[in-house]
Amino acid sequence: MNTEILDFLHKVNLKSLELKLKDVKIFAKHSLEKEYEVDLKNQNELSYTESDENEFLIKVLNTSEEVRTFYTSSKEFDIIQTFLLDSVRLIRQYDSRCTNDFSYDDYVSLKKREKLEDLNKQQIWKRFLEVKEKLNALYPEITILNAKYYHLLSEQYSSNLHQGCKVQQQSIYGFLIHVKYHTIEKSFISYSKENPFGILLDSLIINFNRLKKRAGLIAKNEINGVYNTILSNTAAAKLLSSFSSVFFADTVEGKYLTKSLGEKVASDLINIYDDPTCSEGLVNSIFDFEGNYSQQVVLVKNGFLNNLLHNNETAKLLETNSNGHGYRENLESNIRVASTNMYIKKGKTSIKKMMKNLHTGIVLDTIYATNSGIDLITGDFSVLADGYFKRSNGEKLRLDGVLISGNFFKLLKGVKDISDDFCYDNSSIINGCFGSPSLLVNKLKVSINN
């Protein structure tokens, strides 16, 4: 818990009360990022970096319900005091009924909360070696090269003259490992809210098993064609991530999709949500960067386009309310619409049954390079993927770097079944966190160049 920020919020609240402002909301975000890289092959430390940032949003509500906002990264109280005094000058009205509901006892108890575990470099190095030892025992033929450890600590504070102070604290841990298997070099990365080394070890074992399976029979180009396809949960989540901006009300593609609100855009089985309050997701927030409280948004319900993600500007243009999805990369950048935890709701079919029902077709477990080869307006995509081709006799042929082509919107409409194996794709959190169960879809085109 950042006691300096708590002290700062309390000081701003007291000054607001002194000035008899009707309502002042203060939103603060404290971010701490650590990155530690080591060479596990030669057991050398490569780099260690750390960054620490603060962001503040002050909103003053006057008697005519108008809002003035102020952004800053400084904890210099004089800057905020000038803004508050200027607000009083513009409002020119006072509300004597304003009372101090910001409990000092609650404020003190917040300061006394314990900090989250913060591993030092020696502890991280020890964990690295433990992971390497376990993986070497399981996969002696795989050479572990480099590894990186990430720790992203995010604290959000919401203070209101009438509602007190709310605090949300979250740590996200990341673990990247670079390995070599015969002639193949590959990196695996995963993020977790919990201490990463045990959880990510399980994830690495799954990925290593996939890596070893790539030594099987290779599919030839005679299977080029259009097939029913199972997209694994992580592959489906990756595709959703690539097209997520079609649900943003401030993008060209989002504005294009706006005219389809209330219309059928997907199979009856499809339900898509974005939920910054979802505890299973990695991108959680109690408010956005415009001071709107975060809320779950149902984007697609039973195949019908139900809503888009909004900030204040897009909500005003479409005569609706913001749903708390206005974010910015830093204080110098503009507010834009962004996703948090976007996911497709899981179904009821077991993955085993779904696989059994696919007599001849494609199973894709990895999709690559989804930042290229896609058209966000039309929904067309052409991307590289790994997986296998399943013959009717049960034979499986390996697919390495094959080209799959289709249309995102047609794919959603062509979903024939949804499994119950939901998971988030924790390989990236740059543009949000994305989740999905495995999907059985109609007619994806596969091309192989041998």
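With contacts defined as side-chain heavy-atom distances shorter than 4.5 Å, the pair Ile230/Ile362 does not qualify. Side chains of Ser241 and Asp425 form no contact here, defined as non-hydrogen atoms less than 4.5 Å apart. For the pair Ile344 and Pro437, the minimum side-chain heavy-atom distance is below 4.5 Å. Considering only heavy atoms from C-beta on, Asp275 stays 4.5 Å or farther from Val297 through its side chain. At a threshold of 4.5 Å between non-hydrogen side-chain atoms, the residues Ile374 and Asp380 do not count as touching. Side-chain contact check for Leu440 versus Leu358: some heavy-atom pair is nearer than 4.5 Å. Side-chain contact between Thr360 and Lys390: absent, with no pair of heavy atoms (C-beta onward) separated by less than 4.5 Å.
Put simply, the side chain of Asp375 never gets that close to the backbone of Gly379: no donor and acceptor are under 3.5 Å apart. When atom types are taken as modelled, the side chain of Ser232 and the backbone of Leu364 share a donor-acceptor pair closer than 3.5 angstrom. Between the side chain of Asp274 and the main chain of Thr340, a donor-acceptor pair closer than 3.5 Å is present. Here the side chain of Asn407 pairs a donor or acceptor atom with the backbone of Thr378 at under 3.5 angstrom. Asn311 places a side-chain N or O within 3.5 Å of a backbone atom of Thr314 that can act as its donor or acceptor partner. When atom types are taken as modelled, the side chain of Glu290 and the backbone of Asn312 share a donor-acceptor pair closer than 3.5 angstrom. A donor-acceptor pair under 3.5 Å is absent between the side-chain atoms of Ser339 and the main chain of Met342, judged by distance alone. With Asn306 contributing its side chain and Val298 its backbone, the two residues share a donor-acceptor pair below 3.5 Å. Remark: side-chain polar atoms of Asp386 are not paired, donor with acceptor, to backbone N or O of Ile367 under 3.5 angstrom. Lys445 places no side-chain N or O within 3.5 Å of a backbone atom of Asn224 that could act as its donor or acceptor partner.
Taking every heavy atom of both residues into account, Gly324 and Ser294 meet most closely at O-OG, 4.3 Å. The shortest non-hydrogen separation linking Ala249 to Val337 is N-CG1, 4.3 Å. Contact detail for Val246 and Glu253: the closest heavy-atom pair is CA-CG, 3.7 Å. A pairwise comparison of heavy atoms in Ser244 and Phe434 identifies CB-CE2, 3.4 Å as the closest pair. Of all heavy-atom pairs spanning Ile418 and Lys345, the tightest one is CG2-O, 3.9 Å. The two residues Val300 and Leu305 have their closest heavy-atom pair at CG2-CD1, 4.3 Å.
A salt bridge does not link Arg336 with Asp250: every distance from a Lys NZ or Arg NE/NH1/NH2 to an Asp or Glu carboxylate oxygen is 4.0 Å or more.
Residues satisfying the side-chain hydrogen bond (donor to acceptor under 3.5 Å, both in side chains) criterion with Asn323, sequence neighbours excluded, are His325. Every residue two or more places apart in sequence or in another chain that forms a ring pair (Phe, Tyr, Trp, His ring centres under 6.0 Å) with Phe243 is listed here: Phe408.
Ring centroids of Tyr227 and Phe389 are separated by less than 6.0 Å, placing the two rings close together. Outside the 6.0 Å centre-distance limit, the rings of Phe287 and Phe289 are not counted as a close aromatic pair.
Side-chain atoms of Tyr293 and Gln295 form no donor-acceptor pair, as typed in the model, at a separation below 3.5 Å. Side chains of His151 and Ser171: a donor-acceptor N/O pair is present below 3.5 angstrom, by distance only.
Pairs engaging residues 260-273 under the side-chain hydrogen bond (donor to acceptor under 3.5 Å, both in side chains) rule: Lys264-Asp268 [sequence neighbours left out].
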